[in-house]
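Presented below is the structure to which this report refers.
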Amino acid sequence: MRAVMMLVSGALLGVLVFPGQWIPAELRFDMASVFGTPAYRAPAATPEMSAGMTPIDTMCPEDLLGWRSAQTIEGVEIAAASTCSADNPYAIAAFVKGTNNVSMETLLRAGLTPDALEKGADLDGDGDPDEIHIRLEISELNGGSPDAQEPVVQYEIAPGITPGLWVFSPKSFGMATENFDSNIANALLRSPAPAIRVEQGDHIYITLENTHYMPHTIHLHGVDHAYRRADGQGNDGVPMSSELPVQPGEARTYEILPRSAGTAFYHCHVQPQSHILMGLQGMFIVEENRPNNTLQSMNIGAGEVRVRSQASRETYDQEYDLQYTDIDSGLNNIIQQTNDPARIEQWLHGGYNLSSAHSNYFTVNGRSFPYSFRESLVVTKGDERIRLRVLNAGTEGLALHTHGHKATVTHLDGHALPEQGQITRDVFWLASAQRMDLTLDTRNDGVHSYGSGVWMLHDHTGKGTTNDGIAPGGNMSAIVYRDYLAENGWPITQGEDMGMFFDPAFYRRGDRDSEPAVEMNAAFFLRLLALGFAVALLLTGFVSLLLPLARKSP
Amino acid sequence: MRFGAEFGLLCALLVLPSAALAQHEHHMHAEGADGSRFDRTGMVMNTNTETLPQNCEQISADLEWTVRAGTRYALREAGRVFGYSQVAFEAPPCSRITVRFINEDAIRHQWMVHGLPRYLYPEGMFHLEASGGQEVQGTFIVPGDDATYLVHCDITQHMEKGMKGQLTVGRGNGDLWSIPGVTADFNQSSTNPRGTLMLLGVSIMLGMGVLTTTLIGKQDKTVTKEK
Ligand SMILES: [Cu+2]
């Protein structure tokens with residue numbers, strides 16, 4: 001009897017606190033025909049998307065150290081940077097002269113070690129050094145930690161977006177962050193790996209000092225190199241075929257003597273399904289041999305080449321290195337989820353399945369929009385011939401579209417095309433690992449250029465211009481004419497206020513479950529408690545009803 | 001001391017260098033009278049052999065430590081790849097410490113002490129850095145109060161993957177987290193198998209059911225007895 005009471009009262013209470021939910025839809029229609037339709041109740045308001053207006057100066061931070069200005073350091077004339085953010089000019093000077101040929105002061109300001117990039121003898125007697133020794137380390141950005149609750153040594157590709165990254169970096173000294181109180185990576189440690197520039201016929205030594213906790217190699221894709229060094233050591237960087245990988249704490253030197261010039265690619269070849277995509281990828285450019293060739297042998301984070309080669313000066317007015325890639329945060333964030341390298345290795349090997357993965361971030365020179373607008377704009381005064389060296393280092397195809405311009409492809413994978421093969425068009429398709437040298441002609445003739453303005457330059461594959469599916473983002477940059485460029489290097493646009501794109505909330509993916517439309521209030525809480533009580537009544541009533549039956553049955 | 005201090009300032013703030021540094025232009029080797037240096041072998045910064053911290057009357061002791069660095073000193077079972085031959089350092093207040101830092105790997109490593117008084121050590125840091133296979137040496141004086149200082153290598157992920165130690169001056173002021181073999185990691189990975197939460201929920205519901213039914217059963221019995 002007591003059990004039946006419990007069942008009935010439980011059912012009643014349940015219906016009382018949450019009436020609508022318990023009545024089947026068909027019954028509700030019948031009830032409405034008898035009792036009338038329920039009265040209107042205002043739905044809870046949808047919480048507004050926070051689009052806080054960020055002050056304009058955070059769109060383009062002030063150049064406090066004067067890195068943008070034209071300057072002469074160690075006798076090296078460094079052109080002014082057009083864009084808002086620029087590389088450290090002391091590092092540029094050291095990369096031109098060689099870190100062994102500049103003053104202590106320059107090195108200290110550059111953050112480089114004396115052996116980071118050594119330049120030696122002039123072997124062919126044409127007025128420039130031909131012995132080049134480059135030392136690369138490997139840095140982990142946005143990595144894991146046994147203690148911290150956020151990624152360590154942070155590098156934002158876009159506001160609030162910090163995927164785990166492994167990058168080749170020049171040999172530097174001191175702290176990895178800006179200072180001890182900061183968690184922001186210093187300017188030398190960034191994505192992508194530095195674009196390396198050498199001269200045809202140079203004797204080049206590249207030492208990989210593996211400062212990382214995983215084994216790595218360097219594979220020179222498209223650069224003329226011998227399969228083995230003279231002493232028999234493997235020189236191709238492929239663990240399966242040419243040599244064992246360089247273990248943590250170890251170093252190995254690759255030797256190359258490139259006989260041909262062209263735009264190429266270097267990357268790690270250990271577990272290529274993950275290490276390249278983790279960020280171990282960079283541009284490798286072999287310039288044509290010229291007398292007195294001034295080469296900026298490293299271009300940190302790629303982008304505008306501020307000290308150009310003789311060959312570039314002969315034919316072009318400007319030169320840019322543009323490295324496109326894509327990131328799958330499902331892969332890259334593995335390193336943030338555990339501090340145990342053995343576990344990381346297991347998850348990279350068998351836990352992550354590239355064949356069913358999709359990239360969700362798309363970068364040009366290591367940044368996505370809006371940060372790509374700070375450093376990867378192509379700036380022109382008009383009537384210029386601009387060389388764009390383009391690499392697609394990602395897993396997905398790149399449909400590079402130049403708004404307002406038709407560019408001309410002159411080289412594919414570092415090899416010059418015959419005159420009749422040099423196609424002029426406005427969308428260029430680059431498959432994974434392909435390189436393309438484009439000539440951007442900014443003469444206003446209705447074909448090569450439609451005139452002055454802020455013309456977008458981006459991947460036209462749709463998701464390429466999003467940050468995890470949210471637009472505008474991705475590898476979007478622009479071709480900007482000087483009359484549309486502010487003094488600080490930010491483009492003068494006349495569309496939407498770009499401030500909102502600098503708010504990390506703009507790119508936070510709205511999760512339907514995690515962001516409830518209705519807030520918990522006291523009344524709802526009480527109703528929920530009562531419902532719980534009703535369910536308990538029903539359960540115990542049901543059990544105590546069955547218990548005597550169970551006792552009787554044997 | 002001056003030379004070292006300026007080294008630190010220059011690196012940190014990129015201010016104009018001192019005359020002392022300017023003299024070293026176009027030489028790939030700089031060495032101060034106090035042992036500060038920056039060359040191909042590495043870097044010794046913010047050394048201090050003479051100047052007493054404010055709360056010290058005299059040097060209390062002279063200590064000499066040899067620290068080796070490399071992957072062979074890693075605590076592998078704890079998921080560490082890099083390591084120091086020693087991670088727990090103890091020193092009396094106001095002692096002068098000379099560290100000989102030997103790098104047994106073929107890559108760079110550092111031995112940095114953080115949190116020292118900034119009026120003596122720019123950025124509060126004493127800094128030894130050795131290139132692959134190199135050895136450097138430097139001296140500094142610790143302050144007079146009980147404190148525990150972080151010792152680490154700041155190359156990305158070297159501290160996280162093992163190159164972390166602590167310098168306890170006097171009684172110190174509490175151990176740091178994740179010192180290999182000494183203290184625990186703050187982020188403990190879960191060791192519970194899959195489905196733990198679900199099983200816990202089911203067992204709580206079962207327990208509640210059993211308890212309530214036995215209670216009701218007892219009441220029913222008393223009711224029947226009364227009848
Ligand atoms: Cu280290």
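Everything numeric in this text was worked out from a predicted model, so none of it was measured. Below, read A as the first sequence line, B as the second, and so on, with proteins coming before strands; counting in each chain starts at 1.
Remark: H212(A) NE2 to K161(B) NZ distance equals 7.0 Å, nearest 0.5 Å. For the atom pair D147(A) CG and K164(B) NZ, the distance stands at 4.0 Å (nearest 0.5 Å). Between the CE atom of M214(A) and the CD atom of Q157(B) there is a distance of 10.0 Å, given to the nearest 0.5 Å. Taking CD1 of I107(B) as the reference point, atom OG1 of T207(A) lies at 13.5 Å (rounded to 0.5 Å). To the nearest 0.5 Å, atoms OH (Y213(A)) and CZ (R80(B)) are separated by 12.0 Å. The line from CZ of R108(B) to CG of D115(A) is 9.5 Å long, rounded to the nearest 0.5 Å.
For the set G111(A), S139(A), G174(A), A251(A), the count of heavy-atom pairs under 4.5 angstrom toward chain B peaks at G174(A). Of the listed residues A116(A), A536(A), G144(A), the one with more heavy-atom pairs under 4.5 angstrom with chain B than any other is G144(A). Counting heavy-atom pairs closer than 4.5 Å to chain A, the top-ranked of the candidates V81(B), N103(B), D154(B), T71(B) is D154(B). With respect to chain B, the highest number of heavy-atom pairs below 4.5 Å among G249(A), A176(A), P341(A) belongs to G249(A). Of the listed residues Q337(A), M175(A), E250(A), the one with more heavy-atom pairs under 4.5 angstrom with chain B than any other is M175(A).
When heavy atoms are compared at a cutoff of 4.5 Å, E345(A) does not approach chain B at all. If you measure heavy-atom distances from L150(B) to chain A, the contacts under 4.5 Å come from the side chain alone. For a residue to count as touching a neighbouring chain, one of its non-hydrogen atoms must lie under 4.5 Å from one of that chain's; by this rule H109(B) does not touch chain A. Neither the backbone nor the side chain of S169(A) has a heavy atom closer than 4.5 Å to any heavy atom of chain B. Contacts of D181(A) with chain B are made by side-chain atoms alone, with heavy-atom separations under 4.5 Å and no backbone atom involved. With a 4.5 Å cut-off on non-hydrogen atoms, S178(B) touches chain A through its backbone and its side chain both. Residue Q247(A) does not touch chain B at all, counting heavy-atom pairs closer than 4.5 Å. Using a 4.5 Å cut-off between heavy atoms, A148(A) touches chain B through its backbone atoms (N, CA, C, O) alone. For M112(B), the part lying under 4.5 angstrom from a heavy atom of chain A is the side chain only. The parts of E140(A) that come within reach of chain B are both its backbone and its side chain, each placing non-hydrogen atoms under 4.5 angstrom from that chain.
Here the side chain of N339(A) pairs a donor or acceptor atom with the backbone of E160(B) at under 3.5 angstrom. The backbone N or O of S145(A) lies less than 3.5 Å from a partner atom in the side chain of N187(B), making a donor-acceptor pair.
Contact check for P248(A) versus F82(B): side-chain heavy atoms found under the 4.5 Å cut-off.
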Next item on the list: Decide side-chain contact (heavy atoms from CB on, under 4.5 Å) for T156(B) and L189(A); before the verdict, give the C-alpha distance in whole Å, the side-chain angles of both, and the deciding distance to 0.1 Å.
Entry: CA-CA 9 Å; T156(B) 59; L189(A) 311 184; 4.0 Å; yes
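By the 30° and 60° cut-offs, the orientation of the rings of F180(A) relative to H114(B) is parallel.
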